**Student:** 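Starting off with a structure, shown below.
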Amino acid sequence: MSNKIRRSMPLFPMGTVMKLTELSARQIRYYEEHQLIRPERTEGNRRLFSLYDIDRLLEVKDLLDEGINMAGVKKILLQEENKEVHSNVKEAAGKDKKDFTNEEVRKLLRKELINAGRFHRDDLPPGERYRYFH
DNA sequence: ATTCTAACA
DNA sequence: TGTTAGTA
């Protein structure tokens, strides 16, 4: 579909993305280093972000705000094609696969990763490292 | 004026 | 992550 083309079309420069996502240039570049986004470049090496990139940045921001660190965020965003994990989560909840929306799956994955205790943020005080979602 | 990379009194 | 230096 042509919608995919538009979403991946290189359009906005750093300054615009900073305002749209409320993220600093430092953070945006850092997330790119971790392969979370792959913005195009102009002839002058300036980044051009797509709508898809902005969606990804907002997801990264949400995940981070909820207490998941880079390792956890990468596990989630870079493994969207990992149907095994998704299936397990779906079954564990005793619900049919196609009855879940992507948002529900993300929520369950977050809870699983957090409760597993392997992807806690290390920059929070002891009392703030363990948070659950309801 | 804006963005980029590299680096850290 | 912030911030700053020196560019393009």
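These numbers were taken from a predicted model, which means no experiment stands behind them. Proteins get letters first, then strands, A, B, ... in listed order; numbering begins at 1 in each.
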**Student:** What distance separates A:R46 CZ from A:R41 CZ, expressed to the nearest 0.5 Å?
**Tutor:** 10.0 Å

**Student:** Drop me the distance from A:F12's CZ to A:L20's CG, to the nearest 0.5 angstrom.
**Tutor:** 6.5 Å

**Student:** Need one value for A:R47: base, sugar-phosphate or nothing, where a base atom within 4.0 Å counts as base even if backbone is also close, heavy atoms only.
**Tutor:** sugar-phosphate

**Student:** Please give the nucleotide sitting opposite C:dT7 as a Watson-Crick or G-U wobble pair, both distances under 3.5 Å, or none.
**Tutor:**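 Checking every strand shown, C:dT7 finds no partner, since no pair has both distances under 3.5 Å.
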
**Student:** Write down the partner of B:dT3 under the Watson-Crick or G-U wobble criteria, each distance required to be under 3.5 Å.
**Tutor:**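 Partner of B:dT3: none.
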
**Student:** Within the 4.0 Å heavy-atom criterion, would you say A:G15 contacts the bases, only the backbone, or no part of the nucleic acid?
**Tutor:**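 Sugar-phosphate only.
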
**Student:** Any side-chain heavy atom of A:F49 within less than 4.5 Å of one from A:T16?
**Tutor:**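 No - every pair of side-chain heavy atoms lies 4.5 Å or more apart.
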
**Student:** About how many Å separate CD1 of A:I28 and CE of A:M18, when rounded to the nearest 0.5 Å?
**Tutor:**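 Going from the CE atom of A:M18 to the CD1 atom of A:I28 covers 6.0 Å.
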
**Student:** How long is the line joining CG of A:N69 and C1' of C:dT1, in whole Å?
**Tutor:** 15 Å

**Student:** Enter the distance from A:L63:CG to A:K75:NZ here, rounded to the nearest 0.5 Å.
**Tutor:**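 It is 14.0 Å, given to the nearest 0.5 Å.
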
**Student:** Is there a Watson-Crick or G-U wobble partner for C:dT1 with both distances under 3.5 Å, and which nucleotide is it?
**Tutor:** none

**Student:** Going from CD on A:E32 to CZ on A:R56, what distance comes out if it is rounded to the nearest 0.5 angstrom?
**Tutor:**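 Between atom CD of A:E32 and atom CZ of A:R56 there are 12.5 Å.
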
**Student:** From CZ of A:R41 over to P of C:dA8, roughly how many Å is that when rounded to an integer?
**Tutor:** 16 Å

**Student:** What range of DNA chain B does chain A touch, first nucleotide to last, counting atoms under 4.0 Å from its heavy atoms?
**Tutor:**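 Boundary nucleotides touching chain A, in 5' to 3' order, are B:dT2 to B:dA7.
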
**Student:** What is the distance from CG of A:L23 to C1' of C:dG2, rounded to the nearest Å?
**Tutor:**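 The distance from CG of A:L23 to C1' of C:dG2 comes to 14 Å, rounded to the nearest Å.
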
